[in-house]
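As structure tokens, the structure follows; a few thoughts come after it.
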Amino acid sequence: MTDQLKLLSTPDPTTDERARLAQTIGRMKAMVSVLEPAPTAFMEICLLLLQVKADHLHYFRGPIVVGRSAWANMLPDWLLQAVRRERFEQILDEFEQGAITERATPAEIVCALQPLTLEAPLHRDYADLVLWAD
């Protein structure tokens, strides 16, 4: 109950802008973590309210890369939702730091490689990558 009260409390006017931004980002992460499944439209609205860079929005709205395989349609919905949630959290972290990085989230790596594991064994390096991402 106290966590919910922290979400609704008004920010202290004496805190500086950077601290308020950190509070806002923390609250957005908390709201999305409570929602199951987290609506993509809600996460996108949060990003628009923060006025993130166009590159961040493009990455969030972008397609999810899935390995070309006959098993590609077997990915569970929760994994595809995890990709959006991880992208959202990564964008918030980058926005707070003021940087744009080009890296994939662990859920994206699993989406790209997991269907391929059902067709043939992966090279050890790729198998280690999938195990790390899980």
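As the structure is a prediction and not an experimental result, all values here were calculated from the model.
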(request) Apply side chain to side chain contact (heavy atoms under 4.5 Å, CB included) to the pair L21 and F95, showing each step before the final yes or no. (result) CA-CA 10 Å; L21 178 64; F95 180 75; 3.7 Å; yes
(request) Report yes if some heavy atom in the side chain of V52 is under 4.5 Å from a heavy atom in the side chain of F60; otherwise report no. (result) no
Which donor-acceptor pairs under 3.5 Å do side chains of residues 120-127 form with protein atoms, sequence neighbours excluded?
unit_1, atom_1, unit_2, atom_2, d
H123, ND1, D125, N, 3.1
R124, NH1, D128, OD2, 3.2

(message) Side chains of R84 and Q81, heavy atoms from C-beta outward: is any pair under 4.5 Å?
(response) no
(message) Please find the pair of heavy atoms, one from W132 and one from P106, that lie closest to each other, and give the distance.
(response) CH2-CG, 4.1 Å
(request) State which residues pass side chain to side chain donor-acceptor pair (under 3.5 Å) with E94; sequence neighbours excluded, sorted by chain then number. (result) H56, Q90, T101
(message) List the residues meeting salt bridge (Lys or Arg N to Asp or Glu O under 4.0 Å) with D55, not counting sequence neighbours, and say none if there are none.
(response) none
(request) Name all pairs fulfilling the side-chain hydrogen bond (donor to acceptor under 3.5 Å, both in side chains) condition that reach into residues 62-72, sequence neighbours left out, sorted by first residue then second. (result) S69-E119
(request) Any chance you could measure L47, atom CG, to I91, atom CD1, to the nearest 0.5 Å? (result) 5.5 Å
(message) Quick check: closest heavy atoms across S33 and A30, and the distance to 0.1 Å?
(response) OG-O, 2.8 Å
(request) Kindly compute the distance separating CE (M28) from CG (L50), expressed to the nearest 0.5 Å. (result) 4.0 Å
(message) Applying a strict under-4.5 Å side-chain criterion to I, L, V, M, F, W and Y, I'd like to know whether I64 and L75 cluster together.
(response) yes
(request) Locate the shortest heavy-atom distance separating A72 from G67; write the atom from each residue and the value. (result) CB-O, 3.6 Å
(message) Assess the residue pair V83 and V110 against the criterion (side chain to side chain contact (heavy atoms under 4.5 Å, CB included)); give the C-alpha distance rounded to whole Å, side-chain angles, the decisive distance to 0.1 Å, and a yes or no.
(response) CA-CA 9 Å; V83 170; V110 172; over 6 Å; no
(request) Return the set of residues passing side chain to side chain contact (heavy atoms under 4.5 Å, CB included) with F42 (not counting sequence neighbours), or none when no residue passes. (result) M31, V32, L35, P39, C46
(message) Could you work out, with side chain to side chain donor-acceptor pair (under 3.5 Å) as the rule, every residue matching E96, not counting sequence neighbours?
(response) none
(request) Applying salt bridge (Lys or Arg N to Asp or Glu O under 4.0 Å), name anything that partners K29, two or more places apart in sequence or on another chain. (result) D93
(message) Can you list, by chain and residue number, the hydrophobic cluster partners of V65 when the side-chain cut-off is 4.5 Å?
(response) none
(request) Taking the side chain as every heavy atom from C-beta outward, state whether N73 and V66 have any pair of such atoms under 4.5 Å apart. (result) no
(request) Please collect all side-chain hydrogen bond (donor to acceptor under 3.5 Å, both in side chains) contacts where either partner lies in residues 35-49, sequence neighbours excluded, each pair once. (result) E44-R61
(request) With sequence neighbours excluded, tell me which residues meet side chain to side chain contact (heavy atoms under 4.5 Å, CB included) with P76. (result) W78, L79
(request) Any chance you could measure L118, atom CG, to L113, atom CG, to the nearest 0.5 Å? (result) 11.5 Å
(request) Hey, could you give me each pair passing salt bridge (Lys or Arg N to Asp or Glu O under 4.0 Å) that has a residue in residues 99-112? Not counting sequence neighbours. (result) R87-E108
